[in-house]
Amino acid sequence: MEQLSLAQKAFDQGKGIVRLAPNWVPRSFCVPGRRIKLHPDDYYVLGGERGGIDERWFSSTTPAKNGPLTGENEGLSQIVFEDGGKTQQVLLRDAVSELKGQLIGDRLWAAYESWPMYSKFFDNMGPLPHHIHHNDEKAALIGQLGKPEAYYFPPQVNNHGGDFPYTFMGIAPGTTKDQIKECLKNFTKGDNKITNYSQAYRLQPGTGWDVPPGLLHAPGSLCTYEPQKASDVFAMYQSLVNEAIVPEVLLWNGTPADQIGNFDALMDVIDWQLNVDPNQYQNRFMAPIPVTPFEQTKPQGYYETWICYKSDAFSAKELTVLPGATVTIKDSAAYGLILMQGHGKFGVWNIDCPALIRYGQLTNDEFFVSEQAAKEGVVITNYSSTDPIVILKHFGPSNPDLKL
């Protein structure tokens with residue numbers, strides 16, 4: 001009798017839905033906002049030189065790019081398999097490579113031969129530096145993929161706004177390329193003042209933003225759910241933020257070695273027309289949009305909204321199951337999920353939203369749903385008579401259900 005692999009055993013155990021372990025990522029240039037439920041003693045558990053843990057990555061087959069001190073498998077999600085009191089883990093990346101379309105669907109496997117996105121919580125106490133993500137063409141020069149991303153600000157993890165709940169987005173219309181280039185040349189001279197030429201927008205919990213590659217942006221201090229393409233490419237274009245110096249190495253982070261020192265190469269990463277768009281708010285802001293009119297689904301015990309929907313590289317939904325309800329939810333594509341609120345049953349799994357998580361502790365709040373299970377429909381039961389279940393769901397490219 002053929003012995004099943006660990007990935008296949010986990011897939012079969014969950015009937016096409018696999019449980020994932022928490023996946024914590026530190027950033028040396030960040031100060032944790034302490035809203036992602038990690039135990040207070042554990043934000044610096046990896047050591048001061050690694051920086052604080054201010055990210056949790058979801059459904060990730062993408063390794064974190066954190067320099068020479070990056071830990072083994074840092075940023076990579078692990079599937080959890082428990083049997084007979086024994087717990088084993090296998091990388092989601094390896095499970096995708098083995099199970100292929102059985103896990104992510106034949107459509108995505110044929111196109112990408114990988115799971116081509118991930119999501120995360122980004123949780124910083126202050127703002128990030130004004131930075132940029134490269135498009136596919138520029139990222140290919142350093143062997144990476146480009147990175148479109150999006151923001152959503154879940155109310156459940158935003159009981160406070162941090163130090164600066166505003167995000168700089170783009171470049172103010174009327175700014176010249178020479179002005180921005182001069183800022184980049186001044187990077188090592190203290191504050192290069194690049195945000196003098198940008199505009200900040202107040203962040204609202206329960207809403208989001210679309211951030212295509214080539215768009216300069218300085219994320220604010222709300223805890224952010226961030227679906228994105230499977231890449232960790234970026235370059236920091238601001239030299240001083242919150243009175244903290246940004247190392248020059250991060251300015252050249254996405255630049256080929258033979259182009260370091262070439263400021264024209266940095267300028268070429270900027271999509272100029274995208275940045276100086278006078279309708280930045282209208283074109284990039286995302287308010288939730290009902291998947292189906294609420295009056296049709298609330299009597300069935302749930303409602304669902306699109307929360308990230310302006311990129312073809314990924315999409316995301318927020319699902320709310322009302323207290324005491326049992327519903328069957330169908331989707332046309334595989335997805336990862338993180339539970340934001342409530343407790344109950346999700347397929348064969350018991351789910352609950354933890355209040356506090358120790359580093360290395362397993363939870364029942366994160367799962368990956370195969371395309372087959374998504375199409376057949378997942379039965380969700382809310383055990384509470386008062387508290388809704390709230391789930392965020394992140395999908396890969398070209399979601400067949402996204403028809404706005």
Side-chain angles (χ1 to χ4, degrees), residues 20 22-25 27 30 32-38 53-60 62 64 75 77 115 117-125 127-128 133 147-162 165-167 169 201-212 217 219-232 234 284-289 291 304-311 313-320 331 335-342 351 353-354 357 363 365-369 388-396 399 402:
L20 301 180
N23 177 16
W24 307 104
V25 176
R27 294 296 196 186
C30 294
R34 298 176 180 265
R35 291 164 294 194
I36 53 177
K37 304 180 183 179
L38 189 60
I53 293 173
D54 69 341
E55 296 186 1
R56 180 180 171 184
W57 290 19
F58 307 122
S59 303
S60 172
T62 303
S77 292
W115 175 243
M117 68 84 64
Y118 67 105
S119 192
K120 67 168 72 168
F121 281 155
F122 162 72
D123 177 39
N124 203 40
M125 183 62 75
L128 268 191
H133 301 292
K147 189 167 90 161
E149 62 186 20
Y151 305 153
Y152 178 69
F153 311 113
Q156 294 86 354
V157 288
N158 279 297
N159 56 307
H160 69 87
Y166 306 85
T167 284
M169 197 74 69
Y201 301 87
R202 182 177 178 271
L203 303 180
Q204 306 173 55
T207 70
W209 286 79
D210 173 54
V211 187
H217 56 291
S221 56
L222 286 192
C223 185
T224 305
Y225 169 74
E226 200 175 3
Q228 56 207 268
K229 193 170 176 176
S231 171
D232 197 24
F234 68 91
R284 304 272 73 86
F285 177 75
M286 292 186 293
I289 297 175
V291 173
E304 194 169 36
T305 59
W306 291 107
I307 54 174
C308 298
Y309 46 80
K310 290 193 173 186
S311 174
F314 52 79
S315 57
K317 293 178 178 180
E318 181 181 70
L319 170 67
T320 300
D331 287 281
Y335 60 91
L337 69 90
I338 179 66
L339 177 67
M340 300 303 301
Q341 187 174 347
I351 57 171
C353 193
I357 310 169
T363 58
D365 66 341
E366 186 186 355
F367 298 86
F368 189 91
V369 181
I389 284 176
V390 180
I391 293 171
L392 302 182
K393 302 157 65 172
H394 24 276
F395 298 84
N399 189 335
L402 182 56

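The figures here come from the full heavy-atom set of this structure, side chains too, leaving out hydrogens, waters and symmetry mates. Sequence positions, counted from 1, serve as the residue numbers for this chain. Not measured: the values here are computed from a predicted model.
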Just do the side-chain contact (heavy atoms from CB on, under 4.5 Å) check on Ile351 and Phe367 with the steps written out, would you? CA-CA 10 Å; Ile351 57 171; Phe367 298 86; 3.5 Å; yes

Under the salt bridge (Lys or Arg N to Asp or Glu O under 4.0 Å) test, which residues partner [X], sequence neighbours left out?
| X | result |
| --- | --- |
| Asp54 | none |
| Arg56 | Asp365, Glu366 |
| Asp210 | Arg284 |
| Glu149 | Lys147 |

Kindly indicate whether the side chain of [X], heavy atoms from C-beta on, has any atom under 4.5 Å from the side chain of [Y].
| X | Y | answer |
| --- | --- | --- |
| Trp24 | Ile357 | yes |
| His160 | Met125 | yes |
| Phe121 | Glu226 | no |
| Lys393 | Asp331 | yes |
| Pro219 | Thr224 | no |
| Cys30 | Leu128 | yes |
| Leu402 | Phe395 | no |
| Val291 | Tyr309 | no |

Using the side chain to side chain contact (heavy atoms under 4.5 Å, CB included) criterion, which residues pair with Ser221? Sequence neighbours excluded.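 Ser221 satisfies side chain to side chain contact (heavy atoms under 4.5 Å, CB included) with Phe164, Pro165 once adjacent residues are dropped.
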
Please enumerate all residues that pass ring pair (Phe, Tyr, Trp, His ring centres under 6.0 Å) together with Tyr201, with sequence neighbours excluded.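 Residues passing ring pair (Phe, Tyr, Trp, His ring centres under 6.0 Å) with Tyr201: Trp209.
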
Tell me whether the rings of His217 and Tyr151 are parallel (<30°), tilted (30 to 60°) or perpendicular (>60°).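 It falls in the tilted class, 30° to 60°.
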
Carefully, step by step, assess Asp123 and Val157 under the rule side-chain contact (heavy atoms from CB on, under 4.5 Å). CA-CA 9 Å; Asp123 177 39; Val157 288; over 6 Å; no

Heavy-atom pair of closest approach, residues [X] and [Y]:
| X | Y | result |
| --- | --- | --- |
| Pro227 | Ser119 | N-OG, 3.2 Å |
| Ser315 | Trp306 | OG-CZ3, 3.8 Å |
| Tyr152 | Cys308 | CB-SG, 4.3 Å |
| Trp57 | Thr62 | CZ3-O, 3.2 Å |
| Ser59 | Phe368 | OG-CD1, 3.8 Å |
| Asn158 | Pro205 | CB-CG, 4.4 Å |

So, does Trp115 use its side chain to make a donor-acceptor pair with the main chain of Met117 at under 3.5 Å?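 Pair found, side chain donor or acceptor close to backbone of Met117.
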
Exam field: side chain Thr167 to backbone Gly220, donor-acceptor pair closer than 3.5 Å: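 Pair found, side chain donor or acceptor close to backbone of Gly220.
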
Please assess Tyr225 against Ile307 for the test side-chain contact (heavy atoms from CB on, under 4.5 Å), listing each intermediate value before the final yes or no. CA-CA 10 Å; Tyr225 169 74; Ile307 54 174; 3.9 Å; yes

Would Lys317 and Tyr335 satisfy side-chain contact (heavy atoms from CB on, under 4.5 Å), going step by step from the backbone distance to the final call? CA-CA 10 Å; Lys317 293 178 178 180; Tyr335 60 91; over 6 Å; no

State the [atom1]-[atom2] distance between [X] and [Y], to the nearest 0.5 angstrom.
| X | Y | atom1 | atom2 | answer |
| --- | --- | --- | --- | --- |
| Arg27 | Phe122 | CZ | CZ | 9.0 Å |
| Asn399 | Phe314 | CG | CZ | 12.0 Å |
| Gln341 | Thr320 | CD | OG1 | 8.0 Å |
| Leu337 | Glu318 | CG | CD | 13.0 Å |
| Phe285 | Thr207 | CZ | OG1 | 4.0 Å |
| Ser311 | Lys229 | OG | NZ | 8.5 Å |

